[in-house]
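In what follows, a structure is listed as C-alpha cells, so that the remarks can point back to it.
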Amino acid sequence: MKWSLNELGQIGSTPFQFDEVVDLTDSIGKRNSEITAISPAHVSGFFVVDSLGLLGSFKVSVKVTLPSTRSLKLVEVPLDFEVSEYYVSYRTHDLSRFDANDVVIILENDIFNLDQAVEDNILLQIPTRVLTTDEEASASLPQGKDWEVSDDSRNDQIRKDKNTVDPRLAKLKDFF
C-alpha cells in the first residue's frame with residue numbers, strides 16, 4: 001500500500017485507520033538471506049497529522065523462519081511489535097522540532113510505502129539469538145575435542161578471576 005504525503009495530510013486531526021495484510025516474501029529475502037520463509041504480515045494502526053508531522057502508529061504480527069544460531073536448524077520465530085514513527089517530506093530541512101527519541105523518516109518523493117516501512121521494522125526486530133525448543137531446554141552446550149561453546153556467564157566468571165589479585169601480591173597493588 002502506498003499513500004502520498006499530501007493525501008495523508010488532508011485527513012487532518014482525525015486518525016486514518018487501516019488494517020492490512022502485507023506479503024513481503026520476495027522483497028525481504030533480497031535484503032536478508034537468512035530469512036528462509038515469512039508469513040504474510042498483519043498490520044493494523046492509524047495515521048494522524050499533528051504539530052510535528054504525520055504520525056504513523058501501527059502493530060505488526062508476523063512469523064519469520066530463521067536458522068538457529070547454534071545448530072542452523074530452522075526455527076519459526078513469531079514477531080509481534082508496535083511501531084511509532086513520524087514521516088516528513090524530503091523538502092523538510094529543519095528536524096530540530098523533534099525530540100531525540102522520536103523516529104523520523106524522510107519520505108522520498110513524498111510517498112509513504114507501508115510495505116517498505118513494515119519490512120524495515122521486521123528486519124530491525126529479528127533477534128540476534130535464535131534457538132530451537134530443544135536447544136533452549138538443554139543446559140549443555142556443544143563441545144568437541146579441544147573446543148567447547150561457552151556462554152557469557154562463564155566468560156564473565158573467567159574475566160572476574162583474571163581481575164582478582166593474588167593475595168601474596170596485594171601489597172604491591174597499593175605501592176603503585
(message) Checking Val77 now: which residues fulfil side-chain contact (heavy atoms from CB on, under 4.5 Å) with it, not counting sequence neighbours?
(response) Leu66, Val75, Leu79, Pro127, Val130
(message) Checking Asp19 now: which residues fulfil side-chain hydrogen bond (donor to acceptor under 3.5 Å, both in side chains) with it, not counting sequence neighbours?
(response) His42
(request) Can you sort out the partners of Thr69 under side-chain hydrogen bond (donor to acceptor under 3.5 Å, both in side chains), two or more places apart, ordered by chain and number? (result) none
(message) Checking Asp115 now: which residues fulfil salt bridge (Lys or Arg N to Asp or Glu O under 4.0 Å) with it, not counting sequence neighbours?
(response) none
(message) Using the salt bridge (Lys or Arg N to Asp or Glu O under 4.0 Å) criterion, which residues pair with Arg129? Sequence neighbours excluded.
(response) none
(request) Just jot down the salt bridge (Lys or Arg N to Asp or Glu O under 4.0 Å) partners of Arg31, sequence neighbours excluded, or say none. (result) Glu119, Asp120
(request) Using the test side-chain hydrogen bond (donor to acceptor under 3.5 Å, both in side chains), find all partners of Thr25 that sit at least two apart in sequence or belong to another chain. (result) Asp23
(message) side chain to side chain contact (heavy atoms under 4.5 Å, CB included), that's the test. Do Phe58 and Phe46 meet it? Break it down for me.
(response) CA-CA 6 Å; Phe58 46 94; Phe46 65 90; over 6 Å; no
(request) Decide if atom CD of Glu108 counts as having more than 12 heavy atoms of other residues, nucleotides or ligands within a radius under 6.0 Å. (result) no
(request) Applying side-chain hydrogen bond (donor to acceptor under 3.5 Å, both in side chains), name anything that partners Ser84, two or more places apart in sequence or on another chain. (result) none
(request) Would you kindly say whether Glu135 and Ser68 are connected by a side-chain donor-acceptor distance under 3.5 Å? (result) yes
(message) Once side-chain contact (heavy atoms from CB on, under 4.5 Å) is applied, do any residues pair with Lys73, and if so which ones, sequence neighbours excluded?
(response) Ser71, Thr132
(request) Kindly say whether Asp80 contributes a backbone atom to a donor-acceptor pair with the side chain of Ser61 at under 3.5 angstrom? (result) no
(request) Would you sort out whether Val88 and Val104 count as a side chain to side chain contact (heavy atoms under 4.5 Å, CB included), showing the intermediate values? (result) CA-CA 7 Å; Val88 296; Val104 181; 3.9 Å; yes
(request) Please report the closest heavy-atom contact between Ala41 and Ile122, naming both atoms and the distance. (result) CB-CD1, 4.5 Å
(message) Suppose we screen for ring-ring contact (aromatic ring centres under 6.0 Å, His included). Which residues come up paired with Phe47, at least two apart in sequence or across chains?
(response) Trp3, Phe18, Phe112
(request) Sorted by first residue and then second, give each salt bridge (charged side-chain N to carboxylate O under 4.0 Å, His left out) pair with at least one member in residues 97-107; sequence neighbours left out. (result) none
(request) Begin with the C-alpha distance, continue with both residues' side-chain angles, and end with the deciding distance and a verdict on side chain to side chain contact (heavy atoms under 4.5 Å, CB included) for Ile126 and Ile35. (result) CA-CA 10 Å; Ile126 291 176; Ile35 298 175; 3.5 Å; yes
(message) Suppose we screen for ring-ring contact (aromatic ring centres under 6.0 Å, His included). Which residues come up paired with Phe81, at least two apart in sequence or across chains?
(response) none
